[in-house]
2 protein chains.
Amino acid sequence: MGGKGAKKTGGSVKAPGGKKVAADKAQKPQNIQDLARIAGVSAATVSRALAGTGNISAATREKIRSLAREYDFRPSNTARNLRMGRTGTIGVIVPLGHEKTQHFSDPFFMRLLALIADRIAERGYDLLLSKVVPHDPEWLSRQVDSGRVDGMIIIGQSNQSDVINSVARYYDPLVVWGAALAEQIYCSVGSDNRLGGRMATEHLLSLGCRKLAFFGDPSVPEIEQRLEGFRDALRDKGKGAVGTNLPVHFVPEQALEDISGFLDMADKVDGIFATSDTIAMTALQALLDRRRAVPKDVKVIGFDDLEIARRTVPALSSIRQDLEAGADALVELLFRKIAGESVDSVMLKPQIVARGSTTCD
Amino acid sequence: MGGKGAKKTGGSVKAPGGKKVAADKAQKPQNIQDLARIAGVSAATVSRALAGTGNISAATREKIRSLAREYDFRPSNTARNLRMGRTGTIGVIVPLGHEKTQHFSDPFFMRLLALIADRIAERGYDLLLSKVVPHDPEWLSRQVDSGRVDGMIIIGQSNQSDVINSVARYYDPLVVWGAALAEQIYCSVGSDNRLGGRMATEHLLSLGCRKLAFFGDPSVPEIEQRLEGFRDALRDKGKGAVGTNLPVHFVPEQALEDISGFLDMADKVDGIFATSDTIAMTALQALLDRRRAVPKDVKVIGFDDLEIARRTVPALSSIRQDLEAGADALVELLFRKIAGESVDSVMLKPQIVARGSTTCD
DNA sequence: AAGGGTAGCGCAATCGATTGCAAAGTCGAA
DNA sequence: TTCGACTTTGCAATCGATTGCGCTACCCTT
């Protein structure tokens with residue numbers, strides 16, 4: 001291996017006239033060929049060494065790898081993707097059922113998205129982020145058929161479960177954050193919403209609340225499941241307690257109106273289960289406007305347990321979703337699907353976090 | 001558009017029979033060659049027709065384009081990127097000065113990020129999202145040298161202005177959201193923080209506040225500028241008013257401690273200017289804990305004017321940053337730089353939004 | 001009718017990594 | 001020393017779009 005062994009070319013694969021670089025050391029290798037020349041092997045060997053595929057002697061592999069390290073060389077992703085017939089991109093898509101931008105800037109999405117982004121980047125993939133307002137049933141197939149991604153993560157099925165189902169029938173690499181529905185054929189990751197709903201409700205009941213309100217729009221699947229949990233708890237542990245449901249909008253202004261109107265007539269309410277921390281915040285606001293003390297007169301519990309739950313006055317009790325585990329699962333399952341495996345949906349255990357909005361400390 | 005003018009295929013724009021296949025041979029063209037065969041031209045011509053480059057007759061161009069539309073064909077991004085020597089990806093990177101994850105899930109970043117993502121997607125580029133904790137001065141050059149992106153947007157220079165400067169010296173396609181600093185050689189987009197600081201402070205002064213506190217850590221450049229505005233206003237319009245600065249942490253728990261400690265000893269404070277809405281929220285919390293009425297005893301104003309400002313109790317006055325214009329500018333400038341143009345930094349005008357935390361309604 | 005000009009299009013090389021196949025090299029056993 | 005049986009490595013095709021260069025018509029002059 002010592003003599004360089006230039007056969008025919010006389011060492012002149014490129015720029016023989018010796019311009020460009022005087023010494024044969026050259027600058028940083030720009031591609032796998034350059035590195036091959038430096039190492040005195042062929043491009044194929046470099047490829048195998050770096051990828052760790054095929055049969056290659058440990059000696060050459062390490063030699064090439066250390067050269068790559070020395071020159072801080074990384075093979076082109078684009079070329080690899082072209083050759084391997086993939087795009088190197090994962091689509092992350094947020095369908096906004098009815099509402100517009102507010103929804104997207106909800107801290108909940110940000111947190112989940114940030115976690116997902118990290119996991120995807122760790123695997124060397126890019127992220128194509130899009131939020132779509134599903135005007136027509138084609139919104140998802142358009143994204144899928146664009147051929148710009150190797151797989152898709154959908155954050156929240158909203159009311160689009162049918163559309164997702166119909167695409168999942170022919171497009172496999174697809175995972176969804178959200179509720180696990182009976183009729184779904186796609187793979188989903190989400191909290192056990194029903195259990196979470198039950199936990200929150202039992203918490204309120206155990207603190208003596210007897211007139212409960214559920215704040216949330218059950219036309220969204222996750223929320224419907226939480227409502228079921230709410231009803232379960234009332235039925236099993238309610239003994240005389242009553243509950244009602246107020247379908248609160250996601251848009252904050254609208255939500256405040258909805259809630260204010262409700263509270264003005266429902267002055268006996270002593271426990272509120274809001275299906276998101278942001279709705280719970282709005283409820284706190286409306287209650288304080290009406291001089292109803294929290295938690296003395298009314299106890300409030302939210303859902304998600306985001307940062308903001310710790311910063312309201314009083315601090316908000318909430319049902320915590322394990323978003324880290326959720327992001328892990330979403331990305332892990334998606335890559336398994338891309339690899340052709342078949343995988344099962346994942347359901348995460350929620351956890352209750354009691355703070356000042358339900359317990360006097 | 002009436003006659004359709006189907007020449008050889010005898011088909012129509014879509015699904016002629018019941019099948020959509022059958023009639024025309026071949027399924028969807030998978031690449032430019034397939035489409036060329038269908039159109040009876042060479043791949044080169046298809047490329048030129050679709051890209052709108054080179055000399056091509058209007059007739060063939062339209063013919064090919066309509067074929068592409070008919071088959072819903074889109075040329076491979078990967079191959080184009082390889083050939084054109086680019087990656088088709090924009091890096092968006094959030095340096096976290098000292099703090100960790102909390103920072104990233106701040107609603108402020110989410111909102112800006114979402115807007116940026118849209119603008120990038122509109123141009124057919126992908127987004128590579130990374131948050132980095134700058135342990136060493138190499139964090140940025142590593143990202144840049146990885147060669148995975150055509151340009152970078154940095155959200156917030158944090159205390160890393162030097163590092164960014166040193167990279168900007170050799171890497172041009174780089175724009176930064178944040179303060180405009182005297183010594184910076186890179187291109188930035190941000191609000192006029194000094195003016196914003198002045199506006200907030202004058203607002204408090206005009207409402208009769210005389211003992212002002214500035215909550216924010218001035219080691220972050222944006223915040224230092226707001227602090228300057230605070231001092232400007234005190235000097236020009238203060239007549240007897242005094243001000244002080246409490247360097248509040250970004251991490252919420254820590255922030256609450258900082259603020260609580262301060263409020264316990266500074267019981268004469270009657271006006272607080274917090275440099276973010278999240279800090280302002282924490283201040284509200286601490287004040288209410290201490291039975292200091294807002295806005296009666298103490299007036300509070302925040303910065304950013306995010307969603308949450310409307311949902312605190314009382315609703316938060318704030319200095320609004322025009323993030324939509326900011327995202328537009330960031331992306332526009334970046335692509336201009338990628339195209340080789342030289343561009344100037346952009347400074348946005350902030351705007352004051354008065355709500356219940358400063359004005360009794 | 002011949003020659004210059006030009007618009008329109010195709011040929012083939014190219015971007016950089018991967019991989020099936022074959023050639024070269026290594027080692028031990030007969 | 002020779003002959004498999006492997007193990008390593010190189011050759012060359014390939015992924016799909018782009019583009020410099022050159023060829024072919026066709027139009028207009030003269």
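Chain letters run A, B, ... following the sequence lines, proteins first and then strands; every chain starts at 1.
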Quiz prompt | Most 5' of A/T45 and B/I56 on DNA chain C, judged by nearest nucleotide | solution = B/I56
Quiz item: Counting only N and O atoms by type, is there a donor-acceptor contact under 3.5 Å from the side chain of A/R65 to the main-chain atoms of A/A49?
Solution: yes
Self-check item: Flag, side chain of B/T87 to backbone of B/D150, donor-acceptor distance under 3.5 Å
Solution: yes
Quiz item: Do the side chain of A/R83 and the base of D/dT14 come within less than 3.5 angstrom through a donor-acceptor pair of N or O atoms?
Solution: yes
Using a 4.0 Å heavy-atom cut-off, does [X] contact any base of the nucleic acid, only the sugar-phosphate backbone, or nothing at all?
X	result
B/V41	sugar-phosphate
A/T78	nothing
B/N31	sugar-phosphate

State which of [options] makes the closest approach to the side chain of [X].
X	options	answer
A/R48	C/dA17, C/dT19, D/dA17	C/dT19
A/S76	D/dC11, C/dA17, D/dG16	C/dA17
A/L82	C/dG16, C/dA17, C/dG10	C/dG16

Any side-chain N or O of [X] under 4.0 Å from OP1/OP2 of [N]?
X	N	value
A/S47	C/dT18	yes
A/T60	D/dT8	no
B/S42	C/dG10	yes
A/S57	D/dT9	yes

Exercise. State plainly whether the residues B/E341 and B/K337 are in salt-bridge range, i.e. N to O under 4.0 Å.
Key: no
Quiz item: Are any of the side-chain nitrogens in B/D136 or B/R142 under 4.0 Å away from the carboxylate oxygens of its partner?
Solution: yes
Nucleotide [N], atom [atom2] - distance to [atom1] of [X] in whole Å:
X	N	atom1	atom2	result
B/N55	D/dC21	CG	P	15 Å
B/R80	D/dC15	CZ	C1'	16 Å
B/N81	D/dC15	CG	P	19 Å
B/Q30	D/dC15	CD	P	12 Å
A/I32	C/dG16	CD1	P	11 Å
A/Q33	D/dC11	CD	P	11 Å
B/I64	C/dG8	CD1	C1'	11 Å
B/R37	C/dG10	CZ	C1'	15 Å

Quiz item: For A/E138 and A/S141, does a side-chain donor sit closer than 3.5 Å to a side-chain acceptor?
Solution: yes
